[in-house]
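Written out below as structure tokens is the structure these notes cover.
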Amino acid sequence: MTSLKIKKRIQELKEGFLRDAAEVRDSKAADALRIRYLGRSGLLADLFSLLGSLPTAEKKDAGRELNELKKQFQESVDALQARFRSAADAACSFDYTLPGDPMWIGHKHPLQIVMSEIQACFKNMGFSVAQGPEMETEYYNFEALNIPRGHPARDMQDTFFIDEEKEIVLRTHTSPVQVHVMENQQPPVRIIAPGRCYRNDTPDATHSPVFHQVEGLCVDEGVAFSDLKGVILAFARSMFGSDMKIRFRPSFFPFTEPSAEYDFSCLICRGKGCRVCGGSGWVEISGAGMVNPEVFKYVNYDAERYTGYAFGMGVERIAMLLYEVPDIRMFFENDIRFLKQF
Ligand code: FA5
């Protein structure tokens with residue numbers, strides 16, 4: 001072996017080490033690098049073993065150079081191992097006794113909570129729950145409820161049309177569920193129908209274009225207006241406590257005769273005046289009345305034998321009173337600070 005050849009081998013070893021060191025990504029790879037170059041049978045040891053074949057004068061220089069290289073390799077490997085050790089130490093230094101970040105668990109929307117409470121209340125009084133579609137034909141939304149085409153009562157509920165030709169609308173109230181139920185069941189009937197309704201109403205503190213109603217229908221022999229009043233009073237007191245007052249006012253709906261609207265006393269201002277009750281001390285909750293015999297004709301019920309009452313109450317209005325919410329729009333804005341309170 002000539003000194004020239006050993007110099008070339010030393011240069012190649014240096015370049016090889018730099019290349020391999022650049023690929024090291026973890027402490028396991030740093031260890032492998034050390035073994036490959038500095039190990040007892042490593043590449044440096046190979047070169048050291050060649051020293052003996054050099055002429056004595058050149059042996060000293062080559063030996064010094066190899067020792068220098070060994071020192072450099074060792075420093076590089078030490079630096080790499082130190083780097084990976086400190087990263088591992090940092091990962092291990094996490095304090096597991098620290099309290100965790102709070103995780104917010106989702107829960108029911110306030111309107112869902114109120115709907116569930118309303119349903120529980122009426123179930124306790126012997127009502128079962130019926131459902132109907134949110135898209136209705138005009139027949140179910142109006143006609144079978146004794147609101148013929150051109151009747152001014154159609155304008156009382158500003159309607160969203162899905163398809164005017166096919167006469168499909170978004171239901172403006174839950175009353176069409178009455179018709180579906182009566183078409184499929186003979187009396188006695190005692191149901192509530194909770195659900196979403198849609199009207200082209202201008203939003204304000206008490207009106208929303210999307211809102212919820214709970215329809216109620218009771219048909220049997222001998223059902224009277226006093227039964228309606230008794231059920232509504234029992235409901236109001238069970239939801240709000242024995243202080244709650246209710247009042248019935250005469251009204252008009254083509255599908256009930258006689259018709260009424262009933263209000264609950266305003267628990268937000270207790271009569272002093274607020275935006276929800278408009279200063280009157282009363283909040284309009286629902287339309288109601290005795291089922292018009294004309295409606296019975298559409299579903300083939302014997303109007304001589306059966307009578308019934310019906311009501312359709314606004315769920316948002318009840319939720320506003322219950323939780324003292326001053327504006328209906330707060331239920332639909334999805335502000336997490338508001339929703340987290342329930
Ligand atoms: C009706 O919808 C009738 N179907 C109720 C009915 C059923 C009468 C059965 C007789 C027999 P009205 O349009 O008044 O009636 O609405 C009933 C209730 O829904 C109102 O008292 C109010 O509480 C609520 N409501 C109506 N429109 C809106 C709206 N845009 N936003 C929020 N709540 C509303």
Side-chain angles (χ1 to χ4, degrees), residues 111 114-115 118 127 130 132 136 140-142 144-147 152-160 169-182 189 191-219 223 225 227-229 231-232 235-236 246-264 266 275-278 280 282-296 307-322 325 327-332:
L111 291 175
V114 173
M115 296 261 265
I118 296 174
F127 287 75
E136 277 291 7
Y140 284 102
N141 199 75
F142 295 120
L145 289 165
N146 196 33
I147 316 176
R154 287 209 184 190
D155 300 336
M156 283 161 64
Q157 302 181 353
D158 213 343
T159 310
F160 286 116
V169 299
L170 286 176
R171 71 177 174 194
T172 54
H173 50 175
T174 41
S175 298
V177 186
Q178 287 185 36
V179 183
H180 289 295
V181 169
M182 289 191 283
V189 168
I191 58 105
I192 54 163
R196 223 173 272 139
C197 306
Y198 304 84
R199 285 185 203 177
N200 199 0
D201 285 344
T202 308
D204 62 22
T206 53
H207 290 86
S208 163
V210 184
F211 60 100
H212 297 78
Q213 285 186 343
V214 173
E215 192 78 8
L217 174 70
C218 172
V219 184
V223 173
F225 201 97
D227 295 319
L228 168 67
K229 286 182 87 171
V231 160
I232 297 303
F235 163 71
I246 64 170
R247 73 172 184 189
F248 279 74
R249 293 175 283 110
S251 186
F252 171 77
F253 298 100
F255 37 98
T256 45
E257 181 57 39
S259 300
E261 276 177 310
Y262 58 83
D263 307 328
F264 286 0
C266 183
R275 274 207 295 174
V276 175
C277 67
S280 69
W282 295 95
V283 180
E284 179 198 313
I285 299 291
S286 178
M290 297 304 290
V291 181
N292 191 327
E294 288 300 315
V295 175
F296 284 162
T307 50
Y309 63 76
F311 55 85
M313 56 176 109
V315 176
E316 282 77 6
R317 306 275 172 91
I318 293 171
M320 287 166 86
L321 280 183
L322 206 57
V325 174
D327 195 312
I328 196 172
R329 288 166 286 202
M330 296 170 98
F331 291 119
F332 301 101

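We count ligands from 1, going down the list as the structure has it; atoms in each ligand are counted the same way.
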Quick one: look at [X] and ligand 1, take heavy-atom pairs under 4.0 Å, and tell me if it's side chain, backbone, both or neither.
| X | result |
| --- | --- |
| E284 | both |
| I328 | side chain |
| F311 | backbone |
| S175 | side chain |
| T172 | neither |
| S259 | neither |

4.0 Å heavy-atom contact, [X] with ligand 1:
| X | value |
| --- | --- |
| T206 | yes |
| H212 | no |
| F255 | yes |
| E316 | no |

From [X] atom [atom1] to [Y] atom [atom2], the distance as rounded to the nearest 0.5 Å:
| X | Y | atom1 | atom2 | result |
| --- | --- | --- | --- | --- |
| Q213 | M115 | CD | CE | 10.5 Å |
| K229 | R247 | NZ | CZ | 12.5 Å |
| M320 | T206 | CE | OG1 | 6.5 Å |
| D201 | H207 | CG | NE2 | 5.5 Å |

Should the pair H180 and Y140 be assigned to parallel (<30°), tilted (30 to 60°) or perpendicular (>60°) ring geometry?
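Because their plane-to-plane angle is under 30°, the rings of H180 and Y140 count as parallel.
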For the residue pair F225 and F248, does the interplanar ring angle fall in the parallel (under 30°), tilted (30 to 60°) or perpendicular (over 60°) class?
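The rings of F225 and F248 stand perpendicular, inter-plane angle above 60°.
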Compute the shortest N/O to N/O distance between H207 and ligand 1 and return yes if it is under 3.5 Å, no if not.
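There is no such contact.
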Does any N or O atom in Q178 lie less than 3.5 angstrom from one in ligand 1, N or O only?
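Not met; the criterion fails.
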Looking only at protein heavy atoms, which one is nearest to [atom], and how far off is it?
| atom | answer |
| --- | --- |
| atom 8 (C) of ligand 1 | G287 C, 3.3 Å |
| atom 23 (O) of ligand 1 | I285 O, 3.0 Å |
| atom 12 (P) of ligand 1 | R199 NH2, 3.9 Å |
| atom 24 (C) of ligand 1 | G314 CA, 3.8 Å |
| atom 19 (O) of ligand 1 | Q213 NE2, 3.1 Å |
| atom 31 (N) of ligand 1 | S208 N, 3.1 Å |
| atom 25 (N) of ligand 1 | F211 CE1, 3.6 Å |
| atom 9 (C) of ligand 1 | E215 OE2, 3.4 Å |

So does R199 pair up with D158, basic N to acidic O under 4.0 Å?
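Salt bridge: no.
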Can N141 and T172 be counted as having a side-chain donor-acceptor contact under 3.5 angstrom?
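There is such a pair between these side chains.
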Do R249 side-chain atoms and D263 backbone N/O form a donor-acceptor pair below 3.5 Å?
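Not a single qualifying donor-acceptor pair exists.
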Taking the side chain as every heavy atom from C-beta outward, state whether V291 and T307 have any atom pair closer than 4.5 Å.
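No; the side chains remain at least 4.5 Å from each other.
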Which residue from M320, R171, H173 reaches closest to atom 4 (N) of ligand 1 through any of its heavy atoms?
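Going through M320, R171, H173 one by one, H173 has the nearest heavy atom to atom 4 (N) of ligand 1.
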Measuring centre to centre across the rings, with the benzene-like ring taken for any Trp, is H173 within less than 6.0 Å of F255?
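Aromatic pair counts; centres sit under 6.0 Å.
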